[in-house]
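Chain naming here is simple, since letters A, B, ... match the order of the sequence lines and numbering starts at 1 in each.
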There are 2 protein chains.
Amino acid sequence: MSDLEQIFRALGDPTRRAMMERLSQGPMSVSKLAEPFEMSLAAVVQHLQILEESGLVRTEKTGRVRSCSIDPRGLDLIDQWVKQRRSTWERRLDKLEDFLSA
Amino acid sequence: MSDLEQIFRALGDPTRRAMMERLSQGPMSVSKLAEPFEMSLAAVVQHLQILEESGLVRTEKTGRVRSCSIDPRGLDLIDQWVKQRRSTWERRLDKLEDFLSA
DNA sequence: GCAATAGTCAAGTGAATACTTAACTATCTA
DNA sequence: TAGATAGTTAAGTATTCACTTGACTATTGC
């Protein structure tokens, strides 16, 4: 599965998007991250794993606490893909415009 | 389901991402769009519906031909979400930097 | 009019997803 | 060192997903 596929799939889930929004405020432990979600800790950890595997989040365990933080390179990949689609689309529009004005 | 959720879910599938890449070259009919994919036309139409419902693609039927094209507003929504996450994240880093240099 | 073309609709299937609970393993603290 | 804390692992389940096939409808060109 490509990076991009893992990333988009990861962000397709509202819980995981909310986790990203929480983590963009700053790093935090798994249980702190889990606080607002009405589901088991195990479920949160499963979501976290998906985010980590996709490259959107980085985690590091120190003692018994795992600290989670955004990995900006994941966001970069999305940005690149969107920009590429848009630039191809706009280049095409420009050509169309040239054609019409000629 | 939120717009953003539909969009990210839609792009989580490689076939649908490939369809977006194809459509960013310019509008085309359903069967033209379907050409490179090794699956039934019905399956392609199902993917197309998901893209349309998410707001990433616009379609219009003229006679027996349905023309499909990118709707750039979908891409805008992704861009906004990514920018927001990144700006929150960077603002936090800036504060940290201020703190460390003080 | 009658094929061929372009797409639509519905029902079915196997695999993936988002959870749950329960039992477990480290690590820290009093 | 005992008990609380922080997280991990595994197994089970209901739902959703990505298809398929087959029957169908609407348009177009000869």
Side-chain angles (χ1 to χ4, degrees), chain A residues 1-23 26-71 74, chain B residues 1-23 26-71 74:
Chain A
M1 186 154 58
S2 77
D3 282 7
L4 223 39
E5 178 165 359
Q6 287 193 80
I7 285 175
F8 280 123
R9 287 178 98 94
L11 295 178
D13 183 273
T15 301
R16 288 192 291 262
R17 234 172 24 258
M19 287 168 79
M20 288 296 288
E21 286 166 19
R22 227 166 134 56
L23 286 177
M28 63 188 79
S29 70
V30 174
S31 26
K32 182 74 188 166
L33 176 63
E35 252 174 25
F37 303 110
E38 293 188 344
M39 64 181 67
S40 68
L41 183 65
V44 168
V45 170
Q46 281 167 22
H47 281 303
L48 185 59
Q49 252 160 30
I50 290 170
L51 285 172
E52 193 171 7
E53 279 160 20
S54 76
L56 285 162
V57 162
R58 241 171 13 88
T59 78
E60 194 182 355
K61 196 161 182 179
T62 314
R64 65 182 165 176
V65 176
R66 176 173 300 277
S67 172
C68 316
S69 55
I70 296 267
D71 187 338
Chain B
M1 187 151 60
S2 78
D3 282 6
L4 223 38
E5 179 164 359
Q6 288 193 82
I7 286 175
F8 280 123
R9 287 179 97 93
L11 296 177
D13 183 273
T15 301
R16 288 191 293 262
R17 236 173 22 259
M19 286 168 78
M20 288 296 288
E21 285 164 21
R22 227 165 134 56
L23 286 176
M28 62 188 78
S29 70
V30 174
S31 26
K32 182 74 186 166
L33 176 62
E35 252 173 25
F37 303 109
E38 293 187 345
M39 64 182 67
S40 67
L41 183 65
V44 169
V45 170
Q46 281 167 23
H47 282 303
L48 185 59
Q49 252 159 30
I50 290 170
L51 285 172
E52 193 172 6
E53 279 160 20
S54 76
L56 285 161
V57 162
R58 240 168 16 84
T59 79
E60 194 182 355
K61 196 161 182 179
T62 313
R64 66 183 166 177
V65 177
R66 176 172 300 279
S67 172
C68 316
S69 56
I70 295 266
D71 187 338

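- Looking only at side-chain heavy atoms (C-beta outward), L56(B) and R16(B) stay at 4.5 Å or farther from each other.
- Residues passing the side-chain hydrogen bond (donor to acceptor under 3.5 Å, both in side chains) test with E53(B), sequence neighbours excluded: none.
- A donor-acceptor contact under 3.5 Å is not formed by the side chain of Q49(B) with the base of dT8(C).
- No hydrogens or angles were tested; on distance alone, nothing pairs the side chain of Q46(B) with the base of dT8(C) as donor and acceptor under 3.5 Å.
- The distance between atom CD of E60(B) and atom P of dG7(C), rounded to the nearest whole Å, is 14 Å.
- A search for side-chain hydrogen bond (donor to acceptor under 3.5 Å, both in side chains) contacts involving E35(A) returns K32(A), not counting sequence neighbours.
- Residue contacts shown for S31(A) are limited to sugar-phosphate atoms, with no base heavy atom under 4.0 Å away.
- With distances taken from any side-chain atom of R9(A) to the nucleotides dA16(C), dA18(D), dG7(C), the minimum falls on dA16(C).
- The interatomic distance linking D13(B) (CG) with dA16(C) (P) rounds to 13 Å, in whole Å.
- Between G63(A) and M1(A), the one whose closest nucleotide on DNA chain C sits nearer the 5' end is M1(A).
- The residue among T62(A) and L48(B) whose nearest nucleotide of DNA chain C lies closer to the 5′ end is L48(B).
- One can place CG of L41(A) at 13 Å from C1' of dT20(C), the figure rounded to the nearest angstrom.
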Go through it in stages, so that I can follow the logic: the residues are C68(A) and L23(A), the test is side-chain contact (heavy atoms from CB on, under 4.5 Å), and I'd like the CA-CA distance, side-chain angles, deciding distance and then a yes or no.
CA-CA 7 Å; C68(A) 316; L23(A) 286 177; 4.0 Å; yes
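- Taking atom CD on E35(B) and atom P on dG7(C), their separation rounds to 11 Å, with Å as the unit.
- Among the nucleotides dT8(C), dT5(D), dA18(D), the one closest to the side chain of R16(B) is dA18(D).
- For dC19(D), one of the phosphate oxygens OP1 or OP2 lies less than 4.0 angstrom from a side-chain nitrogen or oxygen of T15(B).
- For R64(B), counting side-chain heavy atoms from C-beta on, the closest listed nucleotide (dC19(D), dG7(D), dT28(D)) is dT28(D).
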